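Read the structure below first, then the notes.
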Amino acid sequence: MSANTEITVLYFAGASTATGLTSERVRLPSSDPLPLSSLSELLVSLHPNNGLEDILRTCQWSVEAEMVEDTEGVMLKGGEEVAVIPPVSGG
Amino acid sequence: MSANTEITVLYFAGASTATGLTSERVRLPSSDPLPLSSLSELLVSLHPNNGLEDILRTCQWSVEAEMVEDTEGVMLKGGEEVAVIPPVSGG
Amino acid sequence: MSSASVDARDETELGVAVLTHGPLNVEHIVASVADDGAGATAVFIGTTRNSFKGKVVTKLEYQAYSKLAIKTIADIIADAHASFTPLTPHTHAQSSQRLIRIAVHHRLGTVPVGEPSIVIAVSSPHRKESFVACEMVLEEVKKKVQIWKREYYEGEREDDAEWKANA
Amino acid sequence: MSSASVDARDETELGVAVLTHGPLNVEHIVASVADDGAGATAVFIGTTRNSFKGKVVTKLEYQAYSKLAIKTIADIIADAHASFTPLTPHTHAQSSQRLIRIAVHHRLGTVPVGEPSIVIAVSSPHRKESFVACEMVLEEVKKKVQIWKREYYEGEREDDAEWKANA
């Protein structure tokens, strides 16, 4: 399995607490690019029944350290660093 | 002459530059109380032709370290510390 | 703690963005925006308060997606400068309507009660712009920067500590 | 220099007013308003700028009627607190609409280019009040406090140095 069919998912704040992880290597379901909009479903299937689904509803996403507005338009091909971005509370 | 028929006048900023003084002991013209509103005329007579008259037009007054709004209603009896307060420029 | 929540720094002529696990030094941060053309420096210091809605706060913990947070802060700094730069800067009076330097320092990890978690300093020739920009930068940081705060209360289990949200 | 323009200090629970011929230390002034109940401290630092309308400033000189200036600053501090205290402070939410401590330090004598002539620090539970009060106190000081500034320009005789006016 090439490293390029995996992505790195970063978890912060409530998403990290729910999963018990700060990062996770996630294998894409097939060699076809995966729409970012489908990643929630995949992550929840990896972490059932721990509140992640509710948390993801309030989260945004970043890919390669860039915030993403339109998750439908972003395709994950493998190798990307994707972050779950909960509502921020700095300052 | 009792000390109590004199006042101390403090000069700051442009008033100090005009008179060349930072303070001055000024004798009151008579034993009657002097209205504060008459002090400008007295000071100008003590310092003629040096720009003090113009400066006093833009100044306020304080008596015993209290700002005075109504110079007509304040009478100087002797012994007071009176300050010429030019437009301020702190901060 | 997350390996993505690390110390980071980005510096340009416009200013500096810093994420650090160490204490924030106000004197040093103010000095970093000093300029002989500046008549005004506005500073904001956010500290860990000892209470929240009647509950005693024992500490705050901050984590960041540092790589992205530092870029977001750099963008906020650039935007603040742009909003104070006239489109046609051809008179001397207009050039005074500007900012000189902006510093944003945010602390990561544990911030005890009474210590600063954020310091923002904005220098400019005149005072009005420094105040407006300082407040603007703070609000933008609170709205956009990928930093998260966990608040710990006395008498509550640490596992139950609440992740806050600014909005 | 005027014998009425001397160092002075007035301190109450509400804050501190200081006139000094020595340099102003921002760290120290900020520490003087620190409080574990404060989440926010806004600070303003006014420094001697190197130019004024195209002319090169070599130094500023400040003098004060210290006895009266310190009283005026103390009044400004008291007024600022009063304007942030609710008339009927019976709920906890309302008590957060307040200031904690205010420090106003003003330098007298010669202030070289780049050095602070005034530092104001305001601590409060929340940020909005600290910003508003800091700016309010600065404007009141500039409007009312019996301090005068003389600005010296390169190439001009010192005897001709201009006494400024804020209004």
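Just so it is clear, the structure is predicted and the values come from calculations on it, not from any experiment. Below, read A as the first sequence line, B as the second, and so on, with proteins coming before strands; counting in each chain starts at 1.
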With a 4.5 angstrom heavy-atom cut-off, could you sort out which part of [X] is near chain D: side chain, backbone, both or neither?
X         : answer
Leu138(C) : side chain
Ser130(C) : side chain
Glu139(C) : side chain
Ala34(C)  : neither

Flag the one option from Gly39(D), Gly37(D), Gly114(D) with the top tally of heavy-atom pairs under 4.5 Å to chain C.
-> Gly39(D)
Between chain C and each of Thr41(D), Ile118(D), Asp35(D), Val113(D), count heavy-atom pairs under 4.5 Å; write down the option with the most.
-> Thr41(D)
Does Glu135(C) pair with Arg127(D) as a salt bridge, N-O distance under 4.0 Å?
-> no
Top contributor to chain D interface from Val119(C), Thr47(C), Thr48(C), Val30(C) [non-hydrogen pairs under 4.5 Å] | Thr47(C)
What residue, out of Ala38(C), Ala42(C), Gly46(C), has the most heavy-atom pairs lying under 4.5 Å from chain D?
-> Ala38(C)
Contacting moiety of Val26(D), where chain C heavy atoms sit under 4.5 Å = both
Do Glu27(C) and Asn25(D) have side-chain heavy atoms sitting under 4.5 Å apart?
-> yes
